[in-house]
K.L.:
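Pasting in a structure now, in structure tokens, and then I'll have a few things to ask.
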Amino acid sequence: MTARKRYWLMKSEPDAFSIDDLEKVGTEPWNGVRNYQARNFMRSMQVGDGVLFYHSNCKEPGIVGTATVSSTAYPDETQFDPKSDYHDPKSTREDPRWSLVDVTFERKLKRTITLEEVKQHADALGEGFALTQRGSRLSVSPVTAAQWKYLLALE
DNA sequence: GCCAACGTTGGC
DNA sequence: GCCAACGTTGGC
């Protein structure tokens, strides 16, 4: 079964986990997502899908690199760990509530494509792009092939 | 640190 | 099932 490659935007706070951190570890389980919509997007991911890595809640928010999805979704272990910030007492092993995928470093962009710059291209990106949609706080969201191409051409 | 936007929770 | 209260996100 091969599905057509799809594309995603994944946000991370660089203080917590940056593109440099991903480069260092190579592959990271994308744990801690506790939003159903974001979770559902991860559950629909396929190995090989492209990821735009976005730095949020920092001095210069923007797209800083690319990664690839390197596993399909599986249960996020941190939900079962009482000591974790991400612990969810309502989740059970029999019926895990939260999933994650593994994300593997691909490359850092030569420069940050800042949120400010992305906004200047809002019209070209069209509707339904998370970063230019007002009020969108989803940490995982879909990107079209056209948006992917357009954004990386800005680099 | 402020605050708008939005998701979740829980009383009724 | 409504909705007020509360918590979180994330730009600024």
Side-chain angles (χ1 to χ4, degrees), chain A residues 6-25 28-45 49-69 73-144 146-148 150-155:
Chain A
R6 289 192 292 173
Y7 303 93
W8 309 93
L9 179 85
M10 297 174 91
K11 297 184 190 173
S12 185
E13 300 190 13
D15 287 348
F17 190 80
S18 70
I19 187 74
D20 292 319
D21 293 327
L22 184 62
E23 182 172 23
K24 249 173 264 165
V25 299
E28 177 76 1
W30 206 259
N31 59 32
V33 171
R34 295 293 179 266
N35 171 284
Y36 289 105
Q37 220 181 327
R39 179 205 69 180
N40 292 342
F41 285 138
M42 286 203 291
R43 286 183 176 176
S44 72
M45 287 181 184
D49 282 359
V51 174
L52 293 173
F53 196 106
Y54 178 86
H55 279 174
S56 68
N57 205 7
C58 58
K59 197 171 167 197
E60 193 180 50
I63 298 161
V64 293
T66 64
T68 52
V69 173
Y74 61 96
D76 180 345
E77 272 303 310
T78 63
Q79 70 194 301
F80 307 122
D81 179 2
K83 281 178 257 163
S84 170
D85 287 346
Y86 303 128
H87 181 230
D88 184 347
K90 290 180 188 160
S91 184
T92 62
R93 294 237 172 228
E94 293 70 38
D95 185 20
R97 182 177 292 192
W98 304 109
S99 302
L100 55 69
V101 295
D102 290 340
V103 171
T104 298
F105 178 80
E106 192 168 81
R107 70 184 181 95
K108 274 164 77 169
L109 301 192
K110 293 190 279 281
R111 66 181 186 86
T112 299
I113 300 170
T114 64
L115 176 61
E116 189 185 11
E117 188 176 354
V118 170
K119 282 179 175 169
Q120 287 165 10
H121 295 273
D123 287 346
L125 289 164
E127 282 181 32
F129 184 64
L131 297 178
T132 50
Q133 224 169 17
R134 131 199 169 90
S136 173
R137 297 174 309 160
L138 268 186
S139 61
V140 178
S141 54
V143 174
T144 67
Q147 288 163 345
W148 172 275
Y150 186 91
L151 287 163
L152 291 180
L154 296 175
E155 181 188 7

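Nothing here was measured: the structure is a model prediction, and the numbers come from that model.
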K.L.:
Apply side-chain contact (heavy atoms from CB on, under 4.5 Å) to A:Glu116 and list each qualifying residue two or more places apart in sequence or on a separate chain.
P.N.:
A:Thr114, A:Gln120
K.L.:
Which residues pass the side-chain contact (heavy atoms from CB on, under 4.5 Å) test with A:Arg111, sequence neighbours left out?
P.N.:
A:Glu117, A:Leu154
K.L.:
Listed in order of residue number, which residues of residues 116-131 of chain A have a non-hydrogen atom at under 4.0 Å from DNA chain C?
P.N.:
A:Lys119
K.L.:
Show, in sequence, the C-alpha distance, side-chain angles and deciding distance for A:Asp49 and A:Tyr7, and conclude whether the side-chain contact (heavy atoms from CB on, under 4.5 Å) test is met.
P.N.:
CA-CA 6 Å; A:Asp49 282 359; A:Tyr7 303 93; over 6 Å; no
K.L.:
Would you sort out whether A:Arg43 and A:Arg39 count as a side-chain contact (heavy atoms from CB on, under 4.5 Å), showing the intermediate values?
P.N.:
CA-CA 6 Å; A:Arg43 286 183 176 176; A:Arg39 179 205 69 180; 3.3 Å; yes
K.L.:
Starting at the 5' end of DNA chain B and moving along, which residue's nearest nucleotide shows up first, A:Lys90 or A:Arg134?
P.N.:
A:Arg134
K.L.:
OP1 or OP2 of C:dT9 less than 4.0 angstrom from a side-chain nitrogen or oxygen of A:Lys11, does that happen here?
P.N.:
no
K.L.:
Let me know the distance between CG of A:Leu138 and P of C:dG10, rounded to the nearest Å.
P.N.:
9 Å
K.L.:
Restricting to salt bridge (charged side-chain N to carboxylate O under 4.0 Å, His left out), what partner residues turn up for A:Lys59, sequence neighbours left out?
P.N.:
none
K.L.:
Would A:Leu152 and A:Leu52 satisfy side-chain contact (heavy atoms from CB on, under 4.5 Å), going step by step from the backbone distance to the final call?
P.N.:
CA-CA 9 Å; A:Leu152 291 180; A:Leu52 293 173; 4.0 Å; yes
K.L.:
Without decimals, in angstroms, what is the distance between A:Gln37 CD and C:dT9 P?
P.N.:
15 Å
K.L.:
Tell me which residues in residues 53-66 of chain A put a heavy atom below 4.0 Å from DNA chain C, sorted by number, or none.
P.N.:
A:Tyr54, A:Ser56, A:Asn57, A:Pro61
K.L.:
Ring-plane angle category for A:Phe53 and A:Phe17, please: parallel below 30°, perpendicular beyond 60°, tilted otherwise.
P.N.:
tilted
K.L.:
So, A:Asp81 versus A:Tyr86: side-chain donor-acceptor pair below 3.5 Å or not?
P.N.:
no
K.L.:
Any donor-acceptor pair under 3.5 Å linking the side-chain atoms of A:Arg34 with those of A:Thr78?
P.N.:
yes
K.L.:
Quick check, are the ring centers of A:Tyr36 and A:Trp98 under 6.0 angstrom apart?
P.N.:
yes
K.L.:
Return the 5'-most residue of the pair A:Arg97, A:Gly135 with respect to DNA chain B, ranking by each residue's nearest nucleotide.
P.N.:
A:Gly135
K.L.:
Could you give the distance from NZ (A:Lys108) to OG1 (A:Thr66), rounded to the nearest 0.5 Å?
P.N.:
12.0 Å
K.L.:
Look for any protein N or O under 3.5 Å of an N or O in nucleotides 5-8 of chain C and output each such pair with its distance, or none.
P.N.:
{"from": "C:dT8", "atom 1": "O2", "to": "A:Arg137", "atom 2": "NH1", "distance (Å)": "2.6"}

K.L.:
How many Å lie between CD on A:Glu13 and P on C:dG10, as a whole number?
P.N.:
7 Å
